[in-house]
Amino acid sequence: MQTIKETGWVQRIALLNQEITNLLNQQLQFPAINANNYFYLLKLLDNPGITQSDFNALIKVNQSTITRAINSLVEKGYIEKLPAKDKRSQLLQLTPLGTETAQGIKLEVDALNQHLFEKDAAQFDQLLTKTSTALKDYSKNKTDH
C-alpha cells in the first residue's frame, strides 16, 4: 500500500482538500451552509452589492454552478437579489441573516487559517501563488499544443 507521500503532489493536494472539506462541514454549524457554499457568503461580505455577472468573474466557477448556489442561498434567506441600474443584471447582497452567518463563518475560517499557518503564512502564500501560476502555465501549454 502506498503512503500519502508516495502518491504525488496532485493527489496529496486532493486529499488535503477533502480533509479541509470534511472539517468545514463539521465546523460550520449554520443551516444549509457547508464547505461547498460558505465562500459565496464570504465573498458577498467583502463585496456587498456586486452584480451577479461581476460575482461570477470573482468566483471563477462554472456560471450554472454559481447560479444554482446563489438561488439556493436566496431561498434559504441568506442572500437577496436587487435590481441594478442595468435591467439585465441584478445586485447580490447579504440579508441580515446572511451577514450574521458570514461573520460567524469568517471567524471559523480565520481560526482554522491561524491554526494551520500561524508561523509559516508568508511561505505558504508564496508556495500557493507559485503553484497557481505553474498550473495556469501548464494548462495554457496543454491547450496551445
Side-chain angles (χ1 to χ4, degrees), residues 3-5 7-143:
T3 65
I4 291 177
K5 286 188 178 185
T7 61
W9 290 108
V10 172
Q11 294 89 340
R12 290 175 69 189
I13 292 169
L15 290 171
L16 184 59
N17 179 57
Q18 188 60 46
E19 288 181 46
I20 292 170
T21 297
N22 290 340
L23 180 63
L24 286 173
N25 283 335
Q26 292 171 4
Q27 296 296 315
L28 298 176
Q29 298 296 315
F30 304 97
I33 300 300
N34 57 46
N36 295 322
N37 63 11
Y38 78 93
F39 64 92
Y40 293 96
L41 297 181
L42 292 181
K43 290 297 183 185
L44 285 175
L45 186 64
D46 292 338
N47 300 279
I50 191 171
T51 65
Q52 186 152 354
S53 59
D54 288 343
F55 190 72
N56 291 350
L58 180 68
I59 297 294
K60 299 177 184 168
V61 175
N62 179 292
Q63 185 172 346
S64 62
T65 301
I66 294 171
T67 299
R68 279 192 306 276
I70 293 294
N71 288 341
S72 174
L73 292 167
V74 168
E75 287 175 20
K76 305 290 188 218
Y78 292 109
I79 296 173
E80 60 185 342
K81 294 181 180 181
L82 304 171
K85 291 179 183 177
D86 177 355
K87 301 292 183 201
R88 297 170 291 166
S89 186
Q90 293 180 310
L91 300 177
L92 300 176
Q93 180 173 296
L94 293 174
T95 63
L97 173 64
T99 300
E100 181 181 336
T101 302
Q103 290 168 341
I105 291 167
K106 185 171 179 1
L107 289 174
E108 290 285 342
V109 171
D110 286 351
L112 179 58
N113 281 325
Q114 179 69 21
H115 177 75
L116 293 175
F117 309 111
E118 180 178 6
K119 298 174 187 162
D120 303 317
Q123 183 180 7
F124 191 70
D125 187 56
Q126 288 175 336
L127 287 172
L128 283 178
T129 300
K130 185 176 181 179
T131 302
S132 178
T133 300
L135 187 59
K136 288 173 188 168
D137 290 346
Y138 178 81
S139 178
K140 183 181 181 318
N141 289 337
K142 287 297 239 183
T143 57

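The shortest distance between side-chain heavy atoms of Val109 and Tyr38 falls below 4.5 Å. Between Ile59 and Phe39 there is a side-chain heavy-atom pair separated by less than 4.5 Å.
The minimum heavy-atom distance between Ala102 and Leu41, with the atom names listed, is CB-O, 3.8 Å. Residue Glu108 comes nearest to Leu28 through the heavy atom pair CB-CD2, 4.2 Å, listed as atom of the first residue, atom of the second, then distance. Of all the heavy atoms in Pro83 and Leu91, the pair that sits closest is O-CD1, 3.9 Å. Looking at every heavy atom in both residues, Asp46 comes nearest to Pro48 through C-CD, 3.5 Å. Of all non-hydrogen atoms in Ile79 and Thr95, the two that sit nearest each other are C-CG2, 3.8 Å. Listed here is the closest heavy atom pair of Ser89 and Ser53: OG-OG, 4.4 Å.
Using a 30° and 60° split on the angle between ring planes, Tyr40 and Phe55 fall in the tilted class, from 30° to 60°.
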Kindly indicate, with the supporting measurements, whether the criterion side chain to side chain contact (heavy atoms under 4.5 Å, CB included) is fulfilled by Ile33 and Lys76.
CA-CA 10 Å; Ile33 300 300; Lys76 305 290 188 218; over 6 Å; no
Under the criterion side-chain hydrogen bond (donor to acceptor under 3.5 Å, both in side chains), I'd like the reasoning laid out for Asn22 against Gln18: C-alpha separation, chi angles, the key distance, then a yes or no.
CA-CA 6 Å; Asn22 290 340; Gln18 188 60 46; 3.0 Å; yes
Decide yes or no on side chain to side chain contact (heavy atoms under 4.5 Å, CB included) for Asn71 and Lys81, but give the supporting numbers first.
CA-CA 9 Å; Asn71 288 341; Lys81 294 181 180 181; 2.6 Å; yes
Please determine whether side chain to side chain contact (heavy atoms under 4.5 Å, CB included) holds for the pair Leu24 and Leu112, giving the CA-CA distance in whole Å, both sets of side-chain angles, and the decisive distance to 0.1 Å.
CA-CA 9 Å; Leu24 286 173; Leu112 179 58; 4.2 Å; yes
Determine, step by step, whether Asp125 and Phe117 satisfy the side chain to side chain contact (heavy atoms under 4.5 Å, CB included) criterion, reporting the C-alpha distance in whole Å, the side-chain angles of both residues, the deciding distance to 0.1 Å, and the verdict.
CA-CA 9 Å; Asp125 187 56; Phe117 309 111; over 6 Å; no
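In this view, Asp137 satisfies the salt bridge (Lys or Arg N to Asp or Glu O under 4.0 Å) rule with no residue, not counting sequence neighbours.
Note that OG1 of Thr101 is 15.0 Å distant from NZ of Lys106, once rounded to the nearest 0.5 Å. Here CG of Leu94 is found 4.5 Å from OG1 of Thr99. Values are rounded to the nearest 0.5 Å. Between Leu42 atom CG and Asn37 atom CG the span is 10.5 Å, to the nearest 0.5 Å. To the nearest 0.5 Å, the span separating CZ on Phe124 from CG on Leu127 amounts to 7.5 Å. Remark: Thr65 OG1 to Asn36 CG distance equals 10.5 Å, nearest 0.5 Å. Rounded to the nearest 0.5 angstrom, Leu44 CG and Leu73 CG are separated by 8.5 Å.
Judged by distance alone, the side chain of Ser132 and the main-chain N or O of Leu128 form no donor-acceptor pair under 3.5 Å. The backbone N or O of Arg68 lies less than 3.5 Å from no partner atom in the side chain of Ser72, so there is not a single donor-acceptor pair. Side-chain N or O atoms of Thr21 include none that pairs as donor or acceptor with a backbone N or O of Ala35 at under 3.5 Å. Asn113 places no side-chain N or O within 3.5 Å of a backbone atom of Ala121 that could act as its donor or acceptor partner. In terms of modelled atom types and a separation under 3.5 Å, the side chain of Gln29 and the main chain of Gln26 share a donor-acceptor contact.
Around atom CD of Glu100, no more than 12 heavy atoms belonging to other residues, nucleotides or ligands sit under 6.0 Å away.
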